[in-house]
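By convention in this document, chain letters (A, B, ...) are assigned in the order of the sequence lines, proteins followed by strands, and residues within each chain are numbered from 1.
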Amino acid sequence: MSVVRVDLSKCIGCESCVKVCPMDVFYFDHTAHKSVIAYPENCQSCGQCFVHCQGRSLGMSNDMFGFAIPAMRQTTTAPMNRVVVTEPGVLTEMTRGELP
Amino acid sequence: MENKERKPVTKELPRPASVPCPYEARYETDVVVLGCGFAGLNAAVTARESGRRVLVVDKGRPGFSGLSPWPSSFRWFDPEKDDADAFRRAVLIGGDYISNMKWYEEWITDSKRIYHRLRDWGMLTPFPKPQEAGDFFERQDYAGYREAFQQLDRHEKWVEVLEKNGIPFLEYTMVTDVIVEEGRVRGVMGFHVPSGKVIAISARAVVMAMGGGCYKPSGFPAGGDTFDGEYIAYELGLPISGKEFEDSHGTSSVAPGSPFYYMNWQYLENIWPGGGDASQDNLKPFIESKVNFVVLGRARAAKNRLPASTGKEVTREAETNALRRGAALGYETDPDEIRSGKLGSPLPASDTHGGAIGMSSHLTGGVLCDLEDVSGRTGIDGLYVAGDGMHASYPGGASYPCGRGFTSCFCSIDGDHAGRAAAAFAAEATLQPLSEETVAERTEAITAPLRVERGFDPNWARDVLHGFMAPYWVTISKSEKVLEATLVQVEYMRDHVAPYLMARTSHDLRLCHEMKHKILSAEMKLRASLYRKESRGATYREDYPYRDDEHFLCYLTVNKTGEGMEIREVPVKEEWTGDREQAYEKRYLCYYPGEPEARGFHVEPPRWMGGGKKP
């Protein structure tokens, strides 16, 4: 689970993600005026960067590093879902079972 | 040559080779506050209001780092309305008779004042839920909702409060050393993470409010906390307590490991006020609901090898939230009563355990101070501790039956007290700047992983340690054999991995230090868990599955000695241990699986086990 780049061209260089990330995942390229997802392997998937991204350049996905596997399950346990959120109202490949 | 300036940038750029550091290499101040969550912010402002120069250091950005971005509720005690005796009894009994009642009393007397302080700072301002404010919820428009109420968002207030109070702060700066000479604190050292620049701060007094930690954030966003303060305190010879009591935060099978997916709205909404919900009439269910949620559900799940629920139960979770959050009793018609226990937006159930493996149960972990103390004073002159994971204040004993929203409030009180005490100490103390030799020697140690040419990747070490510690048979349902076996693995990491962690960048340097701290913390947890040969509150031993009042009405501390770690017992004050003559089944309200049968008494199954009436 980690933050992903949905569209780098949408990054407006506000540096919000660099400011709010508690895990030092983001750096900033002052020449290109874009943020850099430098260490996605340290993302804790809290989503603070995603909700602060003013250009809607970031997304949250399990594509890159996968969800943690829950230790215990039962036959009715919710399935492991593939979840990618890109922008409001557009839930790409998002299947959340019976959840609203 | 092509014009690179005009070409749109669409591919992720490489990490910039160098990052400028906005900070000086040396600072001098009266009080330095390490960590700026609820505890650190309150400590800093109180010390500043006492007229001292204050400098705050945080590993991230205040308001967005550690655990303080995440509370969903804040509970306080209203002396004019609430039943103090009911609350005291709830904590005494529900905390399994090792609650620090002196600290709990501070919450009774001080929480309303602290509530008003935070309200004045704008941290507790209510605003509409995403469902009430438009179609944010339906469209899952998290960013839009945040932007719509940005002016009221509490996360932004931390920096605002620091700036309003004229308190300078160093962000993204990891403190690795608290310097103590001749029994007195002299200052701290660390480095600015993005640039790697080493920073030395000379100070008259130090407040450590650095939080607890987990080995790897796997569902609860505790990843910024990595036992940094606990490690420093242990190395200074301070007694570390609460390691055996396990945190209860879980994760969800809907999106395991992702706090964003199953807690998102909770973090974006305002902090819900709570409290006023314990009375003499509802004391039994009040305690049962708390202890069941935090402790016994987990023990039963481990025994049954099942998750706590199906992970699909959105509605049920909302109901559970109503119970846990706690609406003020009988105050529904009072227009001034805002502790409404109002529900946040529906969220998937957190159905499996282990969201933050390694974290101690709230307010048990950290430095154990004198039991008469309510200032966070350590045994070292000028050094104070405050907050969850850093200060073993035990207001909820072994089980945290305090009610949801207690920790954010209590940490604020704890920090306020520590800030006041540190300021008073600093007013009388002389400043002795850190010597060049000390700075050079510590700089060498701090940057050592950058000079390792062949070694271990700290991310690999993180996953290995998490793998050792995360199984439920190590943390949830413990036994001698397994703890001993895991300890062998962790000792191996201590001796053969920690010294060879290798950093290629300053980001790696942070990870290397964090890993060293986590390995030490895991060893402390295993040794404390081995020593406590009983089950009590949030520590459950399947080979000693019941409470043992005769031997373990005590706090355990882990201490650094010449021979390694030593566990010591600190007896709980006699008046906090309840009526020792009382029959066991009367003295305790909640029992571990199989306990009534084993001890030979009968109890009606409580509500959560299918007995009685549903609320």
Side-chain angles (χ1 to χ4, degrees), chain A residues 1 5 7-9 11 18-25 27-39 41-48 50-54 56 60 62 66-74 76-81 83 85 87-89 91 94 96-100, chain B residues 8-16 19 59-61 64-66 69 139-144 146 155 172 193-194 217-219 221-224 251-261 264 267-268 301 305-307 310-312 314 346 348 351-354 459 470-472 507 510-511:
Chain A
M1 189 67 214
R5 185 72 69 181
D7 186 349
L8 188 57
S9 66
C11 173
V18 185
K19 281 184 190 159
V20 302
C21 177
M23 304 300 284
D24 196 44
V25 167
Y27 279 71
F28 197 75
D29 186 322
H30 289 275
T31 310
H33 204 59
K34 302 280 184 196
S35 70
V36 179
I37 305 177
Y39 300 102
E41 66 273 27
N42 296 124
C43 174
Q44 65 169 347
S45 152
C46 64
Q48 292 191 99
F50 172 61
V51 298
H52 280 80
C53 181
Q54 293 178 33
R56 307 292 195 267
M60 299 293 293
N62 71 337
F67 282 133
I69 310 293
M72 292 180 281
R73 49 167 65 173
Q74 47 185 278
T76 50
T77 299
M80 297 275 284
N81 287 329
V83 186
V85 176
E87 56 188 278
L91 307 180
M94 182 159 176
R96 285 180 71 170
E98 293 154 29
L99 290 167
Chain B
V9 186
T10 52
K11 198 161 169 264
E12 199 65 19
L13 297 156
R15 178 203 199 270
V19 176
K59 201 159 69 171
R61 183 174 177 80
F64 297 94
S65 72
R139 298 173 63 230
Q140 307 216 10
D141 184 2
Y142 309 108
R146 191 200 68 79
H155 301 92
Y172 322 113
V193 175
S218 42
T251 182
S252 168
S253 353
V254 172
S258 172
F260 178 73
Y261 277 104
N264 39 37
Y267 297 151
L268 291 166
R305 315 291 187 248
L306 286 173
T310 68
K312 295 174 179 173
V314 176
D351 61 327
T352 55
H353 297 294
N459 286 315
Y472 69 84
H507 172 85
R510 166 180 161 165
L511 298 179

For this session: Could you tell me which non-hydrogen atom of A:F28 sits nearest to which non-hydrogen atom of B:P16, and how far apart they are?
Result: O-CG, 3.2 Å
For this session: Could you tell me whether the side chain of A:Q44 and the main chain of B:P217 form a donor-acceptor pair under 3.5 Å?
Result: no
Exercise. Side chain, backbone, both or neither: which part of B:P69 has a heavy atom under 4.5 Å from chain A?
Worked result: side chain
Exercise. Does a side-chain heavy-atom distance below 4.5 Å link A:M23 with B:R510?
Worked result: yes
Exercise. Minimum heavy-atom separation for A:L8 to B:K11, with atom names?
Worked result: CD2-O, 3.0 Å
Exercise. From B:N264 CG over to A:M60 CE, what is the distance, rounded to the nearest 0.5 angstrom?
Worked result: 9.5 Å
Problem set entry | Contact class of A:H30 relative to chain B, heavy atoms under 4.5 angstrom | neither
Problem set entry | For B:E12 against A:I37, the heavy-atom pair lying closest together | OE2-N, 2.5 Å
Exercise. Under the 3.5 angstrom rule, does the side chain of B:H507 hit a backbone N or O of A:Y39 as a donor-acceptor pair?
Worked result: no
For this session: Examine whether an atom of B:A222 lies under 4.5 Å from a heavy atom of chain A, and if so say whether it belongs to the side chain, the backbone or both; otherwise answer neither.
Result: backbone
Exercise. Could you state the interatomic distance from CZ (B:F260) to CD (A:Q48), rounded to the nearest 0.5 Å?
Worked result: 10.5 Å
Exercise. About how many Å separate CG of A:D24 and CG of B:L511, when rounded to the nearest 0.5 Å?
Worked result: 8.0 Å
For this session: Looking only at non-hydrogen atoms, find the nearest pair between B:Y142 and A:V51 and report the distance.
Result: CB-CG1, 3.6 Å
For this session: Please state whether the side chain, the backbone, both or neither of B:V19 comes within less than 4.5 Å of a heavy atom of chain A.
Result: side chain
Exercise. Hey, which of B:S65, B:G224, B:P221, B:G60 has the most heavy atom pairs under 4.5 Å with chain A?
Worked result: B:P221
Exercise. In Å, rounded to the nearest 0.5 Å, how long is the span from CZ of B:R61 to NZ of A:K19?
Worked result: 5.5 Å
For this session: For B:F64 and A:P22, work out which heavy atoms get closest and say how close.
Result: O-CB, 3.5 Å
For this session: Would you confirm whether A:E41, through its side chain, and B:N459, through its main-chain N or O, come within 3.5 Å as a donor-acceptor pair?
Result: no
